[in-house]
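Okay, structure first, notes after.
Reminder, nothing fancy here: chain letters follow the sequence lines and each chain counts from 1. Note that the structure is a prediction, hence the values are computed from the model and not measured.
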Amino acid sequence: MSKTIIKTIISAVLVLACTIGPIVAALAYESSRTRDLTAEILARAPEKGNYSPRFVTVAFGQKVKLRVRNIDTVTHGFAIPALEVDAGEIKAGQYAVLEFTPEKPGKYDFYCTTWCSEFHLQMRGILEVTAR
Amino acid sequence: MNNKITVAIIIMLTLGVFTWLANYGWKNRYGSPETYEVIAPEVVTVGYYAEDLALKEADVFAQIWQKLPSAEIVLSHQIIEQPWPKGSTPLVKVQAFHNGKDIFFRMTWNDDQADTAVSIHAFVDGCAVAVPLDAEAPVRSIMMGFSSPVNIWQWQANKDMQHWQGKTGVPDLDVDFVYPFEEKEIFSVSIPEVKSAVTDLLAQRAGSLTQKETQAVQGRGIWRNGIWNVVFKRSLITNDSEQDCQFIGRKQMAAFAVWDGDQGDRGSRKSMSEWVNLQIEPAESKKSAENQLLDDNNITSVHKVSWIDKLRSLSLISTAYGETLENQSVQINKEPRLINLIAKRFEYTPNRISIRKGERVTIRMESLDVTHGFYLDGYGIDIKARPGLIGKATFVADKSGRFSFRCSETCGEFHPYMIGFIEVSPNSRFSFFVWSIGITFVVMLGLVLLKGKQEKGIETNVGTEQ
Amino acid sequence: MSEQNSKNQRLLGLFPLNWRFDLASLPGVRWLLKQRWFPMIVILINMFIFIVILMSGIMGGFSSGNYSFGIMFVWILWWVLLMMLLVPVLSRTWCMMCPLPSFGEWLQRLRIFGVNNKLGGLNLKWPRRLSNMWVMNFLFLGTTFFSGFFTVKPLVTFYLLGGIIVMGIVLSLIFEKRSFCLYVCPVSGFQGLYANMAMTEIRVKDPNICAKHKKKTCETGNKKGYGCPWLLEPHSLKRNTYCGMCLECFKTCPFDNMAFNIRPPGTDLLVNEKRGLDEAWKSFIMIAIAIMFYVAMMGPWGWIKDWVRGNTLTGWLKFISVHTAFALVIIPGIFFVFSFLSKLFSGSKEVRLKAVFVNLSYCLIPMGLASWIAFSFGFLLPNGSYILHILSDPFALGWDLFGTANIPWTPVATGWLVPLQFITLFAGYLVAADYGYKLSLQTYTDPAAAKRGFIPLLVLLTLVVIAFGWLYGG
Ligand code: SF4
Ligand SMILES: [Cu+2]
Ligand SMILES: [Cu+2]
C-alpha cells in the first residue's frame, strides 16, 4: 500500500519537475537577477515599437542601474550624451547594463547610436531625473 | 456519454490554453505590447512669392517671413559618430519660399548667447542645410551618402561677421563642417578671403567631404532677443549640375543642423534633423522655363554618374572602380583585384563571385542598410561593414572550390541565410566529385551488363510474402 | 521466409544483408528495456527541454532567431541529430523519447509509469481511407510553406511545436492509442520512411515461439505493459517504418522473444509490405524539400529569400505554388519518365507500370537521406557554435548558466563543408544504386529484364547525385 503511494508521489514530483519546473525556476531566477534594476529598457527599431519604455523616471540622488536589452534582429545602441553614458553597440540578442548617478535633476534624451533602420533617428527616449 | 463530455471538456481546455498562450506571445512578439507610430518626414512648403531679398539686415526680418508658414523641426544629438555634443538644440523653425529665380530658407532657433568668435576654447554658432543632388534618392541611403552626393550649405557666425561686418576674428583657426561619418574632425586653416557667410560643400560619404570651387550660396544671420535668424539664398538652378543640387521638380529633400558654440559644438558635435520633404510650388508663368530646366536635368544626370565615379576614385581607394579591373589579364603579385560588394538585407550584390586560383583579391564591402558582415568559409576571413563605412580585406585565393560567404553580423530575421558564393576556379573538388561518380557509373554499368550471364540463381522477390 | 531468401544478398557486395546482432542479448540491456520507467524517464528529460523550448518561443517573439534557444535547439540540434544520427542509425528512437504526444498518452492511460490497459478517451478507429501517409505528406509539405518563418522567428517555432502538441492531445483523446503519431504527426512521415535505412530494428527472435503463443500479449497488453500503441503486430513485424520503438513489446512478451537488432543499413527497402504511392510521394517530397531548403536558405539568391520569408504576400504565394508543384508534380513526373523507361528497357510485359514506379521509388530513400545529411552539415558547421551560447542563455535574458554565453559565433571547419557533402552524396549514391539493382531484381521476375530495367534507374540516380553535387558545391 505505502509502496504505491511512494511511487505515485515520485512520479508526480518527476512530472511536475519536468513540466512546471523549468517555468518556475526560470521566472524565479530572472526576478532574482533583476531585483536591483532601476528599469529595463527594450531596444527595438522604431517601426517595431521603439524603445520600451521611452520615458523613464528616476529619483535624483540615487544610483541608476539600467539594463538595455536588444530583443530586435539588428544591432542597436544606447547613449545619454548629456550624462556621458554610452553602452556602445548592443548586438541583437545581447544586453548592456549601465550604472551611473545623474549630477543634477532634469530631462535627458537617450538615443540609439547605431544606424538600425530608415527611422533610426526617431529611436530616442527621455530619462527624467526628478528632484525630490 | 459521460466519457464524451469529459473528452470535450479537456479538448476545449487544451485549445483554450493554447489560444491564450498564442495570443500572449503574439501581443508580446516585440518584447512588450507597447507600440510606436513612426513619424512620417516633415514637409516644408516652398511657396512661390514674387519677392527678392538682397540679404540686408532688414531682409532677415522681412515682411514675407511673417506671413510664411513655418515648420517646426525636431533636432537630436548627432550621435552616430563620436565625438558627441553635450547639449542639444531641440527645435529649429524652418521657412522657405522661392521667386522663380532664387530659393530662400530661414532657420530660427533659440540660443541664449551668440557665439561669433573662434578661439582655442570657444566655438561659434552655426547652422546648415543639406540637400541631396538626386531628389529621388531613397531616404534611408542619402543619410549615409550612397545613392546621391549631398550639398551642404554651412553658415557660421564668425564668417558672417567677417563677410557682412568686416570684423576679423582669429583668422587661422576654423573648424570645418564634418559629415556624420567623418572619422575625425578637421581643423583647417580657414579660407583666406571670405566671400560669403556660407560655405558650400559637397559630400558623398566618409572621407569625401570637399569644398566646392564655386560657392553658390549666400546667407546672413542675426541674433536678436535670444534667437538666431539665419537666411540662406541660392539660385534655383545653377550651371554646375554636377556639383550643385537643382530645384527643378516639385520635390526635394533637405536636412538641417545647428551648432551651439558655447556648448562646445563644432564639427560632428551638433544637433541634426531627419530628412525633411520640400514641397516646391511652381511659379504660374513658368511652364516653358520649367520644361527647359527639365531638359537640363536630363543632360546633367548623365554627368552625375561620372561625378560619382570621380568621388569614388577620390575616396578611400586609389585604384579605379572594380568593374574596370575585371579583365582577365590580372596577374599574381600585382595590385589585388578589387571586388566591390554591396550588402543589403539579405543579399549581396554580386552574389556569386568567380576568381581564379592564386589570384589576389580585395573584397571591399559597403552596406545599404544596417551593419553587415562577410565571413568566407574555408578562408576564415571576416569583414564588417557599418553603414557609411567600408569593410575591406585582401587575400590570395589559394584554395580552389566553391565557398560560401555569409553574413557575420546579425542584421535581421534572415541573417543566418544571407549567403553568397565565391568560386575559386578551377573547381577541382567538384570535378573530382563528378569524375568519381562517372567512374562508378561506368563500373556499375559494366558489372550489370557483363556479369549478367554467369549469374543464375539470384533469388527474386526477396521480401515478398507469397 | 524472407530471411532465407536474402541470405545470398550482400550490401555493395560486401555485407551480408541478413546479418543481425541482438543488442538485448548483452547483459543488462534487456533488463533495462523491460523496465517500466525506461523510456519514460528519457521522455521526461526531453519534456523538460521542450518546455524550455516552448517558453523561449513565447518569450522570444520575433527577436533574433540565432540567439533563441527554441530555434537553435530545434532547427540546429534536434533536426540535424534526427537526420544525421537518430534516423539513419537508430531508426525511430526519437519516437521512443518524444515528449510531443505524451500529454495525450497520459490522458489515455491516466498513468505515467504504471500500466492500465483500459484506455480512456473515445478510442475511435482511425478512418481506413486515411490509414496511409497522405495526411502526413500534405501536412509536412504544408509545414514547409512556413519554413521562412519558423526557422527564424522564435514565436513561430512555438506555434508549430505547440500546435503539434495540441493536435496530439486532441487526436489522442478521440482516436485510439498512437493514431496521431501513425497518421498525422508531420515529423513521423519522414522518420518512418528513412527508418528503412536504419541500422537497428526491433523484431522477434523466433517466429515459432510467437506462432505457438495464442494470447499474443504484445497486441493485447498485459500487466507488464500495453498492447502495441502503434497498432502493430509485433510478432510479425517486418519493417521499421511504423514501429515507434516504444519498447512495450519487450515488456509484454512473456517469452523474452523480442530482439533489438543491429543490422546492415537499408534492409527494409527490400521488404515488400505496405508499399504504396503514399510512401513513394513521401520520398519525392523529401527530395524536393531538400532542394528547396538549400536554394532558399543556403543559396545566394535574395529574391527567393524574399519570397520565402513572405516579404510580400504574392511572393509567398508564388513560392508555395512553385514549391508544391515541384514536390508533388515535377519530381514525381521525372521519376515517372524514368520508371517508364525502365519498364520499356526491361521488355517485361507482365509487371505493371505502377508496381515498377512504386518499387523503384524506394531506391530514392538512400539518395534523399544522403542529400539531407549533406544539407545538415551546412547548418551544423557554420552555426553549431550558437548552441553553446543558447545553452547558457536560453531566454536571451543575459544569463550565463554554464559560462559559455559569451562565446561568439564561430564557424567550424567550414573549409571541409563541401567535401563532407560530396562524400555523403557519394555514399548515398552507392547505396542507392545497389538497392536500386536489388529492387529491380525484385520487381522484374526475369533477371535479364531486371538488368536492362536497372539501366535507366542508374542513369537517373547519377543525374540526381550530380545535380545535388552541383547545387551544394559546383
Ligand atoms: S510494441 Fe509496437 S510500437 Fe512498441 S516497439 Fe513493439 S512493435 Fe514497436
Ligand atoms: Cu536603433
Ligand atoms: Cu547581413
- Item | Option from Q122(A), E47(A), K48(A) for which side-chain hydrogen bond (donor to acceptor under 3.5 Å, both in side chains) with Y36(B) holds | Q122(A)
- Heavy atoms, side chains only, cut-off 4.5 Å: are L42(A) and E34(B) in contact? no
- Query: How many angstroms lie between OG1 in T371(B) and CH2 in W115(A), if you round to the nearest 0.5 Å?
  - Reply: 11.5 Å
- Do R124(A) and V74(B) have side-chain heavy atoms sitting under 4.5 Å apart? yes
- Query: For R54(A), is it the side chain, the backbone, both or neither that has a heavy atom under 4.5 Å from a heavy atom of chain B?
  - Reply: both
- Part of R29(B) lying under 4.5 Å from any heavy atom of chain A: neither
- Measuring from D109(A):CG to L75(B):CG, what's the distance to the nearest 0.5 Å? 11.0 Å
- Here the gap from T410(B) atom OG1 to D72(A) atom CG, rounded to the nearest 0.5 Å, amounts to 10.5 Å
- Task: Name the region of Y108(A), side chain, backbone, both or neither, that has any atom closer than 4.5 Å to a heavy atom of chain B.
- Result: neither
- Check the surroundings of atom OH in Y29(A): do more than 12 heavy atoms from other residues, nucleotides or ligands lie under 6.0 Å from it? yes
- Item | Distance-only donor-acceptor check, side chains S52(A) and S32(B), under 3.5 Å | yes
- Straight-line distance of H372(B) NE2 to T75(A) OG1, nearest 0.5 Å: 10.0 Å
- The reported gap from OG1 in T35(B) to CZ in R44(A) (rounded to nearest 0.5 angstrom) is 8.0 Å
- Query: Any chance NZ of K93(B) has more than 12 other-residue heavy atoms, nucleotides or ligands included, within less than 6.0 Å?
  - Reply: no
